[in-house]
Amino acid sequence: MDQQLEQLRTEALAAIAGAADETAVEQARIKYLGQAGALTVVSKGMKDVSKEDKPRIGKLLNDVRTAVTAALDERKAALLASADAAAFAGVDVTLPGTASRLGSLHPITQLQDRAIQIFRRMGFALADGPDIETEWHCFDALNTPKDHPARNEQDTFYMPDGRLLRTHTSTIQIRTMESSAPPIRIIAPGAAYRRDEVDATHLAQFNQMEGLYVAEGVSVADLKGTLEFFFRELFGSDAQFRFRPHFFPFTEPSFEVDIKATALGAADKWLEIAGCGMVDPAVFESINSKRGDTAYDPEKYTGFAFGFGLDRLAMIMSGTPDIRYFTQNDQRFLAQF
Ligand code: PHE
């Protein structure tokens, strides 16, 4: 029996060493270790081995089985390694890989992020509010009563319960003043909605960024300085500005801001880019009566507010002729940003 086992070992190890591929290794495994394999048959014969031979033969059988198993594993690993090497032969692993195309942020989101960064540096905090608003937050609190003509112009989409899609993000300024006392300095970016006919320069849903600064002694000079700094950061230090008198119900005095900048291809023409003004004391009064205190005492505090459309700004900056491109998700357009 000893001899038979030694012979099996030699034979099995030789067969495994000569196995040319994985199938041959598997065949060798079945031949020696399988259910009807040679070693299995021998171990079944163990019950007939005499008592004194049993320990020795048993140990030998175990040794042979371990050796064969190890040889099988080793051969399999060696075959796998040489298959890998064969697969890589002829491949220059120092060549650059095939780049996969990464997506990017939407141009309006990119502009919004940049604008937020600039205002952050001037100490403006980011504020937020709901898209579906009450009439009070959108109009009444902003000195725009029911019969006010400006309210009609800005007519929007109403819910059955009387709430509406906000026509500007000034609603966020109202909400901020309701919940916190001065001084406050916030920017309010977000979607705004208007009942506009959609065309090359109008969308029924667009993106705004508004801002509000309320403290003691805030003046028109602060307003001009802040907006000029902001737009110069965006359009270059050579940008020129013009503040034209305008009307908004919630600011007095009010202005529209025009810019002339080479970076905009507008070295010699004025482009309107924002609305702004000093917060009308009537707005502070309506906040006070809502809050039930005099936190926004118009004798003590003044403030400025401003607002601009991000879509319009992005159009001007990129020379995009039609605002609708920003909403169509056409890769050929978006990939340019
Ligand atoms: N809310 C105004 C608009 O949507 C913009 C604005 C904001 C004007 C603040 C003045 C002050 O047109």
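Counting convention: from 1, in listed order, for ligands and their atoms alike. Residue indices begin at 1 and follow the sequence shown.
None of F119, F306, F308 except one satisfies the ring-ring contact (aromatic ring centres under 6.0 Å, His included) rule with F231; the exception is F308.
Aromatic ring pairs are classed by plane angle as parallel below 30°, tilted from 30° to 60° and perpendicular above 60°; the pair F250 and F248 is parallel.
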Pair up each side-chain donor or acceptor in residues 267-276 with any protein partner under 3.5 Å, not counting sequence neighbours, and list the distances.
none

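By the salt bridge (Lys or Arg N to Asp or Glu O under 4.0 Å) test, R291 is found to be paired with D293, residues two or more places apart in sequence or in another chain being considered.
The contact set between ligand 1 and F306, taken as ligand atoms under 4.0 Å from a residue heavy atom, comprises 7 (C), 9 (C), 11 (C). In summary, the atoms of ligand 1 found under 4.0 Å from a heavy atom of F248, numbered by their order in the structure, are 8 (C), 10 (C). Distances below 4.0 Å separate heavy atoms of S170 from the following atoms of ligand 1: 1 (N). Listed by number with element, the atoms of ligand 1 under 4.0 angstrom from any heavy atom of C276 are 8 (C), 10 (C), 11 (C).
With respect to the salt-bridge test (charged N to carboxylate O, under 4.0 angstrom), the residues D73 and K76 do not qualify.
Residue R194 has at least one nitrogen or oxygen atom sitting less than 3.5 Å from a nitrogen or oxygen atom of ligand 1, judged on distance alone. Any N or O atom pair closer than 3.5 Å counts here, and E210 shares at least one such pair with ligand 1. Between Q208 and ligand 1, an N or O atom pair is found at a separation short of 3.5 Å.
Around atom CD of E197, no more than 12 heavy atoms belonging to other residues, nucleotides or ligands sit under 6.0 Å away.
Ligand 1 lies out of reach of F304, whose nearest heavy atom is not under 4.0 Å from it. Contact analysis leaves R166 out of contact with ligand 1, as no non-hydrogen atom separation drops below 4.0 angstrom.
Summarising the geometry of L111 relative to L310, their closest heavy-atom pair is CD2-O, 3.4 Å, with the distance given to 0.1 Å.
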